[in-house]
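My structure is below; once you've seen it, I'll send some questions.
Keep in mind that what you see is a predicted model, and the values were worked out from it rather than measured. Excluded from the calculations below are hydrogen atoms, water molecules and symmetry mates; all remaining heavy atoms, backbone and side chain alike, are included.
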Amino acid sequence: MLKGQAPDAWERVAVNLAHGFGATLVRVRDGDRPGRIWLEFVRTDALAEPIAALPVPDASQVDLSGVVIGRCEDGSPWRLRLLGTHVLIAGATGAGKGSVIWSTIRALLPLMRAGLVEVWAIDPKRMELSFGRVLFERYGRYSDDPKGGMVDLLEDAAEGPRVFRTGA
């Protein structure tokens, strides 16, 4: 950038830049040092076509600090951090929240089978998670009970992790 310019000046004219360069979208990103920005010209929607489900990995390949749940626009793995954090998935109807949830569960299957991860599912509408009920009941917990079952599950979760001990 020229001296005195700020990234927001470029963001304000991103639509003009897109038209000028024949792109559908221009993203303005911070550069690698002060005074530098990156302009990303998007010409096609790389994610317009659904991709096939990723293969279920071996348990040794699952890294909870970055579970691979899909692909980014550039083809690189889309990783979701699960270890030591909370995850909130939000969006309008039809935005794809369910695919994020189910891709995450699919990536966790090897750890669920090994008894290292449990998925606790609460499904008040009995729509998003109900067809995985058997899976959740086998490798975690599930509730769609509005008369207290969902509350009990949340209260149990709030108590913290359970520790299992074997032997005498």
**OP:** Report the C-alpha separation of Arg138 and Glu118 in whole Å, then their side-chain angles, then the decisive distance to 0.1 Å, and conclude whether the salt bridge (Lys or Arg N to Asp or Glu O under 4.0 Å) test is met.
**Re:** CA-CA 9 Å; Arg138 181 171 180 179; Glu118 292 181 346; over 6 Å; no
Taking all atoms of both residues into account, what is the closest heavy-atom pair of Val28 and Pro7, and its distance?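 Reported closest heavy-atom pair: CG1-O, 4.1 Å.
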- prompt: Side chains of Ser60 and Asp58: do they bring a donor and an acceptor to under 3.5 Å?
  reply: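 No - no donor-acceptor pair under 3.5 Å links their side chains.
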| task | May I ask you to test the Asp123-Met150 pair for a side-chain heavy-atom distance under 4.5 Å? | result |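 No, too far: nothing below the 4.5 Å cut-off.
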Less than 4.5 Å apart, side chain to side chain, heavy atoms only: is that true for Leu83 and Val67?
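No - every pair of side-chain heavy atoms lies 4.5 Å or more apart.
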### Query
Side chains of Asp145 and Ser143: is there a donor and an acceptor less than 3.5 Å apart?
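Distance-only check fails for Asp145 and Ser143.
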ask   = When you measure from the side chain of Arg113 to the backbone N and O of Gly115, does any donor-acceptor pair fall under 3.5 Å?
value =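 A pair under 3.5 Å: no.
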Dump the intermediate steps for ring pair (Phe, Tyr, Trp, His ring centres under 6.0 Å) on Trp120 and Tyr139, then the final yes or no. CA-CA 9 Å; Trp120 291 18; Tyr139 297 112; over 10 Å; no
Practice item. Return each pair, listed once, that meets ring-ring contact (aromatic ring centres under 6.0 Å, His included) where at least one residue sits in residues 6-61; pairs must be two or more places apart or across chains. Key: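 Non-adjacent pairs meeting ring-ring contact (aromatic ring centres under 6.0 Å, His included): Phe21-Phe41.
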Check: Can you get from Leu109 to Leu116 by hopping between Ile, Leu, Val, Met, Phe, Trp and Tyr side chains that sit under 4.5 Å apart?
Finding: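 Result: yes, single cluster for both.
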pair Asp156-Arg141: side-chain heavy atoms closer than 4.5 Å
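Heavy-atom side-chain distance check passes, below 4.5 Å.
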Pair Asp74-Ser76, side chain to side chain donor-acceptor pair (under 3.5 Å): steps then yes or no:
CA-CA 6 Å; Asp74 64 1; Ser76 63; 2.6 Å; yes
* Is there a side-chain contact between Tyr142 and Leu129 (heavy atoms, below 4.5 Å)? ->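 Yes, at least one pair of side-chain atoms sits under 4.5 Å.
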Under the 3.5 angstrom rule, does the side chain of Ser99 hit a backbone N or O of Gly96 as a donor-acceptor pair?
->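 At least one qualifying donor-acceptor pair exists.
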